[in-house]
Amino acid sequence: LREDSGGAGRRRGGLGQVIEVSSRNDSPFAIFARFQRVQYPARGRGEGRDGATGRLHLKSGKELPARGTHVVPPGDRLVVEMPGGGGLGDPAERDPASVAADAALGYVSLVEAQETYKVALKDDFSVDVAETSRLRGGRTSPEDAAAAEA
């Protein structure tokens with residue numbers, strides 16, 4: 001799954017995945033590409049952020065257009081990075097424990113957790129309740145209060 005590909009929101013957008021394709025016998029192969037959401041992302045709603053756009057390239061680094069016929073040379077791989085879905089609602093209202101779980105699984109980067117979701121995480125991916133409250137301007141959710149009491 002692509003880290004940070006789902007649009008940030010109170011409800012995070014679905015994650016895109018990364019797919020690598022090669023030929024079994026290391027020979028060239030052709031594809032007819034007709035990929036969507038490469039230029040225009042899935043839009044977020046109600047303060048949610050847009051999902052990541054898709055990307056099509058060779059493992060060797062060459063970018064490919066999203067539409068048309070492409071030949072993948074011998075020894076190379078086609079890499080398809082699928083787009084992510086748009087988020088719904090203000091990311092700073094997402095449950096901090098959900099953000100922490102997403103970060104621990106590699107769905108959301110530590111930078112995205114702090115800058116977009118306004119959730120501070122410790123080295124063990126637990127929520128730093130005091131710093132999260134500060135990042136969120138003193139707003140605390142019921143989940144924050146419960147974690148602070150624990």
Side-chain angles (χ1 to χ4, degrees), residues 1-22 29-70 72 76-150:
L1 297 172
R2 290 179 65 197
E3 183 178 70
D4 293 335
S5 61
R10 185 176 59 252
R11 298 279 185 249
R12 177 184 42 75
L15 299 170
Q17 58 186 176
V18 178
I19 302 167
E20 288 192 23
V21 182
S22 66
F29 65 96
I31 65 155
F32 180 67
R34 303 263 315 151
F35 294 99
Q36 299 291 321
R37 299 272 179 223
V38 173
Q39 284 186 316
Y40 305 104
R43 300 287 182 205
R45 297 185 47 105
E47 297 183 58
R49 306 285 169 86
D50 294 348
T53 56
R55 183 175 169 224
L56 185 67
H57 61 96
L58 297 178
K59 186 77 171 185
S60 60
K62 179 182 177 187
E63 293 291 325
L64 300 173
R67 295 180 181 268
T69 302
H70 308 296
V72 179
D76 211 343
R77 289 175 172 249
L78 173 70
V79 181
V80 181
E81 296 183 21
M82 303 298 288
L88 174 64
D90 183 355
E93 294 177 359
R94 184 165 171 82
D95 171 26
S98 295
V99 176
D102 282 353
L105 292 168
Y107 299 165
V108 172
S109 67
L110 295 175
V111 170
E112 182 88 345
Q114 184 161 335
E115 293 181 5
T116 305
Y117 288 100
K118 309 295 184 205
V119 174
L121 299 173
K122 299 176 185 175
D123 291 339
D124 64 354
F125 294 103
S126 64
V127 177
D128 182 330
V129 176
E131 182 63 11
T132 297
S133 178
R134 187 192 70 73
L135 289 171
R136 291 183 168 193
R139 291 182 293 157
T140 55
S141 67
E143 293 84 5
D144 293 335
E149 292 175 8

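Positions are given from 1, in the same order as the sequence printed here. Fair warning: this is a prediction, and the values are worked out from it, not measured in the lab.
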| note | Pro41 and Gly51 have their tightest heavy-atom pair at CB-O, 3.0 Å
| message | One pair to check against side chain to side chain contact (heavy atoms under 4.5 Å, CB included): Arg49 and Arg43. What are the steps and the verdict? | response | CA-CA 7 Å; Arg49 306 285 169 86; Arg43 300 287 182 205; over 6 Å; no
| request: Please examine the side chains of His70 and Pro65, heavy atoms only from C-beta on, and report whether any two atoms are closer than 4.5 Å. | output: yes
| field | CA sep, side-chain torsions, deciding dist, call: Arg12, Tyr107, side chain to side chain contact (heavy atoms under 4.5 Å, CB included) | value | CA-CA 10 Å; Arg12 177 184 42 75; Tyr107 299 165; 3.9 Å; yes
| said: Show the nearest heavy-atom pair for residues Ala100 and Val127, with the distance to one decimal. | reply: CB-CG2, 3.9 Å
| Least distance between heavy atoms, Ala92 atom then Arg136 atom | O-CZ, 2.8 Å
| task | Give a yes or no on whether the backbone of Gln39 and the side-chain of Thr53 come within a donor-acceptor separation of less than 3.5 Å. | result | no
| field | Arg10 to Arg94 - nearest heavy-atom pair and separation | value | O-NH1, 3.3 Å
| task | Starting from the C-alpha separation in whole Å, work towards a yes-or-no answer on side chain to side chain contact (heavy atoms under 4.5 Å, CB included) for Val38 and Leu56. | result | CA-CA 8 Å; Val38 173; Leu56 185 67; 5.9 Å; no
| note | Rounded to the nearest 0.5 angstrom, the CD1-CZ distance for Ile19 and Arg77 is 13.0 Å
| Side-chain donor or acceptor of Asp50 paired with backbone N/O of Gly86 under 3.5 Å | no
| said: Does any part of the side chain of Tyr117, heavy atoms only, come nearer than 4.5 Å to the side chain of Leu135, both counted from C-beta? | reply: no
| request: Answer yes or no: does atom CZ of Arg2 have more than 12 heavy-atom neighbours from other residues, nucleotides or ligands under 6.0 Å? | output: yes
| field | Lys118 side chain near Glu93 side chain, heavy-atom distance below 4.5 Å | value | no
| Taking His57 for the side chain and Glu81 for the main chain, is one N or O donor matched with an acceptor at less than 3.5 Å? | no
| query | Hey, are the side chains of Val108 and Asp4 touching, using non-hydrogen atoms and a 4.5 Å cut-off? | reply | yes
| Is there side-chain contact between Arg55 and Glu63, with at least one heavy-atom pair below 4.5 Å? | yes
| message | Using side-chain heavy atoms (C-beta onward) and a distance below 4.5 Å, is Leu58 in contact with Val79? | response | no
| query | Taking Thr132 for the side chain and Ala120 for the main chain, is one N or O donor matched with an acceptor at less than 3.5 Å? | reply | yes
| task | Take Leu78 and Leu64 through the side chain to side chain contact (heavy atoms under 4.5 Å, CB included) test and state the conclusion after the steps. | result | CA-CA 9 Å; Leu78 173 70; Leu64 300 173; 3.7 Å; yes
| query | If you take all heavy atoms of Gly84 and Ala42, which pair is closest and at what distance? | reply | O-CB, 3.6 Å
| task | Kindly give the heavy-atom pair with the smallest separation between Ser22 and Asp76, and that separation in Å. | result | CB-O, 4.1 Å
